[in-house]
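So you know, we letter chains A, B, ... as the sequences are listed, proteins then strands, and number each from 1.
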Amino acid sequence: MKRIVTLILATALVLMTFAGCVTQAPPAANDSAATESSISANQAEGDAENVASAPKYKMIFIVKSMAASFFLDVIEGAQAAAEDLNIELNCVGPETPFSVEEQTQIIEQAIINGVDGVLVIPADSDAIATAIEKCNEANIPVITPNTKANGGDVVTWVGADNVEVGYTLGKIMCESIGGEGNVVLLEGTPGNSTAEERTEGYKQALAEYPNVVLLDSQPANFEREAGMNLMENFLQKYPEIDACGSGNKDMTMGAIEAAKNAGRLDQIKFITFDTDDDVIAGIQSGEVYATGNQDPFSQGYLAVISMYAHLEGCRLPSMMHLPMKVIDSSNIDEFVASMQS
Amino acid sequence: MEKILEFKGITKNFPGVKALDGINLDLYKGEVHVILGENGAGKSTLMKVLSGAYAPDAGEIIFKGQTLEKNSPIISEMAGIRMIYQELNLIPELSIQDNIFLGHELRKGSFSDRKEMYCRTKALLTSLNIWANPRELVKDLSIANQQMIEIARALSSDAKVLVFDEPTSSLTSVEIKDLFEMIRKLKERGVGMFYISHRLEEVFEIGDRVTIMRDGMHVRTDDVAKIKMHEIIEGIAGRKIENLFPHVRKKRGKKLLEIINLNGERFKNVNIDAYAGEVTGLSGLVGAGRSEVARACFGVDDYVSGEVLIDGNRVPKKHAAKAVDMGLCLLPENRKEEGLALSMSVKDNTIIAALRKLFPKGFINDDLSRRVVNTYVNKLSIATPSVDKLVNYLSGGTQQKVVVAKWLITKSKVFIFDEPTRGIDVGAKTDIYELMDMLLEQGAAIVMISSDLLEVLGMSDRIYVMCRGEIVGEFDASEANQTTILQYAFGQHKNEKVCES
Amino acid sequence: MKKSRHFKLSSLPNSIYIFVIVFVVFGIGIDKFWSPANLSTLLLQASVLLTVAMGMAVVIMTGGIDLSIGGIISLSAVVAGTILKLGGHWILAILGALVIGTAVGFLNGIIVQKMKVDSLIATFGMAYIAQSMANVISAKRTVNWEVLPQNAMIKTLSGDIYSKQLGQYGQAADVISISYIALICVVVMIVMNIAFKKTRLGPYVYAIGANQETARLAGIKTNTWRIGVFMLSGFLGSIAGTMLLIRAQSVQPTLGTGMEFYAVVAAVLGGNALEGGKGSVVGAILGAFVLYSIRSALMLEGISTFWVMVTIGGVLIAGMVINSLVYFYERKTLLKAKLRATESIEKGDVR
Amino acid sequence: MVKKSIILAKLKTSVYDLSTVFILLAVIAFFAVANKIFTGYNYVSSSNLATIINQASFLAVLGVAQMLVILVGGINLSIGSVMAFSAILCGPLLVESSNLMPALGPLGMVLIGAVIGLLNGALVTTLKIPSFIATFGTMYIFRGAAWIIAGNTVYFRISPAIRFLAQGQILSIGDFTIGMSVVVCIAVIVLLTLLLRKTTFGHNVYFTGSNPIAAKFSGISVNRMIITMFVLSGALSGFSGVLYTGKVNASDASMYMESHFDAVSVALISGASLMGGYGNIWGCAIGALIITAIKNGMNTLQVPSEYQTLVLGALIILSVFFNDKLIGKKMGVTSGTASDSKDANIVAT
């Protein structure tokens with residue numbers, strides 16, 4: 001009896017999975033489904049007004065990790081652009097977050113698939129090079145939003161790189177405490193280049209402020225709970241913490257919880273990165289001092305547009321610098337306003 | 001004919017049991033020496049001593065003129081003494097040839113020389129009239145063929161002495177013929193063979209000499225030509241009844257257990273009735289299918305057709321829990337694997353089956369369970385310093401008592417004892433017998449599976465005899481005696497029929 | 001040589017069913033799936049997993065498991081990378097990787113066989129250790145090196161040996177190419193299969209997996225062989241690490257993350273029962289191919305990453321379901337056979 | 001005489017059970033000294049100990065979820081995915097803006113966890129899929145599903161009730177503050193210990209884990225036991241999800257990716273045996289404390305994180321090694337007794 005039940009369960013699973021692969025992504029699916037539908041929508045009205053019906057270009061957009069909201073924002077931007085320009089865009093990321101090997105594999109597949117352009121946010125600037133070279137051989141143009149690639153011919157790079165992100169935030173952190181005081185750093189996953197670069201940036205900035213003491217710098221794996229535990233330890237050990245820099249918002253939000261519990265929230269200025277609703281709320285309520293906004297949406301949007309332009313034969317600058325906007329209590333409202341619009 | 005092997009005064013003691021008592025035995029080149037005896041007579045123990053699995057407490061083995069120093073399975077095998085056990089030691093996922101050459105492959109450089117192994121295996125198999133492809137996987141062979149391969153494997157490393165332990169128990173008559181064919185070939189090759197079997201007709205077909213053992217002692221050795229079937233049976237049977245059986249016949253109560261036309265993998269058309277206040281003995285040789293019947297009606301194994309009734313209501317198939325609730329219980333043959341959780345305490349092991357009855361609400365009152373367990377520990381005089389002792393520490397007998405206690409607490413109506421006194425010293429045995437009687441007093445019905453004839457005769461009121469999966473006879477204890485039961489157990493009651501097959 | 005029983009249901013590696021299903025379904029459903037480029041890329045991408053899966057299969061067949069593969073990959077790659085960074089010769093680097101990988105494998109073997117720690121736990125702990133070592137050596141940063149004459153070979157290895165443009169699917173899809181990595185993988189596959197089929201490795205692995213005691217009595221040095229098997233797995237792991245290094249022309253310390261699970265999945269899909277004693281290297285290879293063909297197919301179709309995950313999980317369970325169905329079927333037939341045997345004993349019949 | 005031996009035996013067993021506690025004490029002692037020497041930081045200050053305890057409480061619950069399955073000889077890799085999946089499905093119910101009663105969300109999560117647990121159990125028992133593989137499959141499926149459903153939505157501003165459950169502070173003596181999480185953790189441990197030690201069910205579970213065949217022969221329906229444990233484990237995973245959400249005041253699909261590692265580590269260090277049937281629920285608390293104490297200690301010593309994992313790995317292997325030795329001693333396997341009684345068994349055949 002139980003066996004039968006399980007068999008049914010199991011077969012259901014199988015069916016579901018195969019539904020997953022042979023059909024297009026089921027309605028439940030998020031981005032690609034969205035793309036499909038949006039395109040078909042376009043086509044519908046397109047046919048009505050008989051303008052260019054079929055999507056003109058086929059592109060693939062590869063992010064570092066599908067598990068981080070930042071990249072999902074980038075994807076939103078990219079898809080918006082694709083919709084506007086009627087491009088068939090396929091947004092994917094590695095199953096194992098930040099696995100450059102899987103990124104390479106996706107690119108290889110894309111080449112076979114015959115895409116017109118590859119947009120990839122390299123999970124590792126060095127390791128992605130081989131993949132880009134493959135694209136060059138197959139003369140498919142490559143654009144690397146957000147993160148630079150060391151090697152291969154890239155049409156252009158759109159965004160602000162991580163060392164710089166770290167540096168800017170570092171400066172703000174030091175300024176926020178008037179150029180002197182004790183600070184701690186929450187690093188990302190050990191060995192993950194994004195994490196290491198941002199930390200490096202922070203440290204570069206700190207180097208310029210002799211009076212700012214870096215008490216401690218430990219990894220919390222881009223993770224809320226880890227960030228919280230780490231901060232608790234810091235709060236334990238250091239009676240004097242004036243500011244806390246972080247590689248991403250998850251760690252900060254965790255750390256803030258820790259500070260709350262320790263009742264030292266008001267003493268510590270939290271500098272973080274990313275602009276999710278919780279961060280924005282944090283700034284509005286003053287829990288977060290400032291956050292770096294790379295403006296993921298525009299990054300994605302601009303990247304796709306520039307690829308389109310390139311394919312249309314326009315010449316592009318080798319770098320398109322999207323300076324990281326710093327958002328704090330002063331400009332939060334207008335930022336929110338801009339988000340709504 | 002020259003002597004190849006000789007046992008000199010082999011003695012082996014196990015806690016409470018004298019398994020072998022100064023056995024002297026010899027084996028000549030190219031002879032088949034049949035060893036007969038009841039289960040527990042010490043045949044297998046003797047052979048295990050020979051194989052080096054056991055070290056004898058006294059005596060020595062002389063092989064090809066010199067004594068086997070600190071014998072071990074590997075040493076004896078190197079020396080050329082090979083065992084063919086009932087349970088097969090083959091690797092199912094390997095081909096026949098790989099199995100046969102396992103451990104001593106033929107090699108060309110670092111590669112194994114499959115061609116050569118193939119040829120040799122082929123030759124070997126042909127010589128044994130096994131028409132199997134040496135590259136076949138053993139798991140794809142029938143049990144019978146696997147047995148043949150086991151034998152072939154022993155022969156591959158030209159063995160000087162072979163020991164067959166019940167080789168024919170799972171072979172069809174044709175295969176048996178092949179086997180005997182081969183054994184004759186081996187005799188020509190001058191291999192000496194010990195041959196343990198329960199099929200007496202085989203003694204006369206293949207044996208040269210026959211030795212009868214009883215209670216770990218050597219009874220007689222004769223040329224097969226000189227000995228008669230009935231002499232053999234008497235020899236095996238002639239045990240003196242020690243009066244360690246407290247059993248007194250009670251008046252038969254109502255029918256508690258009824259097994260109707262039970263058919264299964266290893267048994268067919270089994271009908272057994274058991275009455276309150278009676279011990280129903282289930283006799284027969286090991287492998288006759290007695291335990292299988294027990295397991296099936298208790299519901300741990302499945303059966304094909306038939307019914308099991310307790311007190312007239314049907315016990316569902318394969319539902320041990322229900323059976324327990326209905327008052328049936330089984331004390332399994334090998335307690336270590338099936339009866340006890342060795343890593344747990346006496347208390348936990350004794351109380352486990354009764355928990356649902358004792359604490360219907362589901363919450364355990366430790367004091368109560370402690371008290372209950374203690375009472376039974378005392379009642380059964382279970383030798384343990386405390387009920388928190390891990391059963392793994394206890395002796396075989398004590399462990400058995402723990403299993404018994406487990407079912408006593410459940411207040412079951414029908415007890416199936418499978419080999420209740422196996423590996424238990426005499427004192428403990430009587431305890432367990434008294435215990436059975438106590439159960440009968442309380443109006444329980446007992447089915448006792450036992451290979452110990454005296455036990456069966458001494459304890460049961462009625463006796464069923466099983467042979468090769470079937471009930472071949474039913475006696476009242478009064479009219480049964482060792483010889484008759486053995487005859488039925490050996491399948492000799494329809495002697496001539498068996499012989500011609 | 002004649003494989004008389006090869007087409008018997010029970011003796012097929014179970015992954016064959018899924019393998020066939022997947023390839024047929026995708027072949028029909030997805031255009032370009034059968035394209036030469038896709039297939040050659042499939043091989044290239046699968047190489048790493050194939051390599052480790054074979055090692056894992058052997059370990060599993062002896063009744064163990066090796067969760068440290070991921071760590072070993074990272075560690076060996078980092079070591080090789082560091083050697084290159086210090087301007088070492090490429091052969092030296094690769095040797096370094098192989099040595100360290102094998103060494104960790106040896107350690108696993110010792111802990112399992114001598115210290116009698118369950119292999120799952122031993123290698124689980126070893127995974128932590130190896131990964132941390134990788135982080136320590138690399139100082140958590142991507143290891144890269146400037147191309148020098150003595151390590152130019154590494155660059156070359158990342159390319160193709162042979163590549164030819166065919167026509168039919170049009171452009172990129174028709175390039176059939178054999179990369180060095182794929183070649184290495186193929187060589188390893190061949191060697192492994194030969195070793196497994198033609199040397200004592202195969203029989204001994206089965207014997208040990210089925211019953212260590214029997215194996216010992218048959219005169220097999222079980223300790224040596226089991227430790228050896230872990231070393232083999234470690235060795236293959238380090239080869240995989242080197243492959244990843246070559247592919248990326250640099251090394252991130254987290255290179256091998258999650259690989260151990262993929263390897264186990266591939267091996268188990270290939271019909272290698274975790275309790276040991278049965279299975280095959282071929283099965284593991286098929287299993288690895290199943291995993292990768294699913295991924296590449298879904299990527300070709302542009303299915304979202306998350307559905308790929310769901311699918312992989314589902315296929316794994318589906319595969320196991322099939323496995324156990326086959327198992328039930330086998331037991332049924334076996335039971336029938338037994339019954340027949342017993343009957344024939346009763347009426348000592350003539351077959 | 002007998003009395004004495006009883007006491008001795010009791011003492012012995014308790015000592016074996018307490019082996020993990022000794023490890024914990026050793027760890028703490030080590031870091032106390034090391035910190036004194038190198039950083040001058042007072043590691044054993046009441047406040048720091050409080051921190052460790054509070055942090056460990058969550059990990060302990062996670063470990064218990066794993067332990068439940070290990071007791072019946074299984075392993076459960078899907079814990080983290082269950083946390084994320086349930087937290088996402090119930091996300092809208094968890095936030096303070098939701099005007100439904102706050103208990104609803106947690107209940108839902110626990111329920112979802114239980115259902116997934118049922119699936120795991122069914123796969124393991126009726127289809128004979130090794131738990132390692134089955135739960136690995138479900139781990140992938142439900143993590144993927146969580147992402148599919150959630151996208152990049154983050155549920156934050158979790159309702160105060162849940163926050164209190166996970167991080168509310170209830171009593172503080174001086175600067176020794178005990179959080180609600182500790183109480184919850186203790187409650188979980190006590191409840192489950194009661195369930196496993198004081199009920200018939202619990203006894204059956206241990207018996208099943210210790211020897212399934214014997215259990216079958218004692219009329220215990222083994223499969224039901226195993227499934228139930230998987231269900232419990234799943235439910236508890238869901239509950240850990242609640243705690244996590246409350247603790248970090250947010251829930252998203254990529255919640256706690258590493259959980260299965262942590263959970264397994266805790267359970268293994270707690271002195272349970274993967275063979276099943278051996279292990280104490282409270283051991284998880286100790287295991288969690290050990291891990292947390294090490295992390296905390298290394299942070300305070302400013303040891304780079306990579307060495308933390310190094311130590312953790314070594315610790316797992318060694319502690320299991322010694323525990324097995326102790327269990328072996330406890331059951332007298334090392335001594336000859338076992339083999340003798342085996343022989344005694346064989347005699348009659």
What is the minimum heavy-atom distance between D:Ala214 and B:Gly339, and which atoms define it?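 The pair with the smallest heavy-atom distance is CB-C, 3.9 Å.
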If I compare all heavy atoms of B:Phe298 with all of D:Lys216, which pair ends up nearest, and what's the gap?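 Heavy atoms only, the tightest pair is CE2-O, 4.5 Å.
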Please state whether the side chain, the backbone, both or neither of [X] comes within less than 4.5 Å of a heavy atom of chain D.
| X | answer |
| --- | --- |
| B:Asp325 | neither |
| B:Phe359 | both |
| B:Lys406 | side chain |

Highest number of heavy-atom pairs under 4.5 Å with chain D: which of B:Ala353, B:Ala53, B:Ala320, B:Ala341?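 Max contact count across the listed options: B:Ala341.
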Looking at B:Leu355, B:Val391, B:Ile364, which one has more heavy-atom pairs under 4.5 Å with chain D than the rest?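 Of the candidates given, the most pairs with chain D belong to B:Ile364.
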Gap separating the [atom1] atom of [X] from the [atom2] atom of [Y], nearest 0.5 angstrom:
| X | Y | atom1 | atom2 | value |
| --- | --- | --- | --- | --- |
| B:Leu331 | D:Phe217 | CG | CZ | 10.5 Å |
| B:Ile352 | D:Ile220 | CD1 | CD1 | 4.0 Å |
| B:Ile351 | D:Ser218 | CD1 | OG | 12.0 Å |
| D:Ile213 | B:Leu340 | CD1 | CG | 12.5 Å |
| B:Arg356 | D:His203 | CZ | NE2 | 14.0 Å |
| B:Asp366 | D:Lys198 | CG | NZ | 4.5 Å |

Spell out, as yes or no, whether a donor-acceptor pair under 3.5 Å connects the side chain of D:Asn211 to the backbone of B:Glu338.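 Side chain of D:Asn211 to backbone of B:Glu338: no pair is present.
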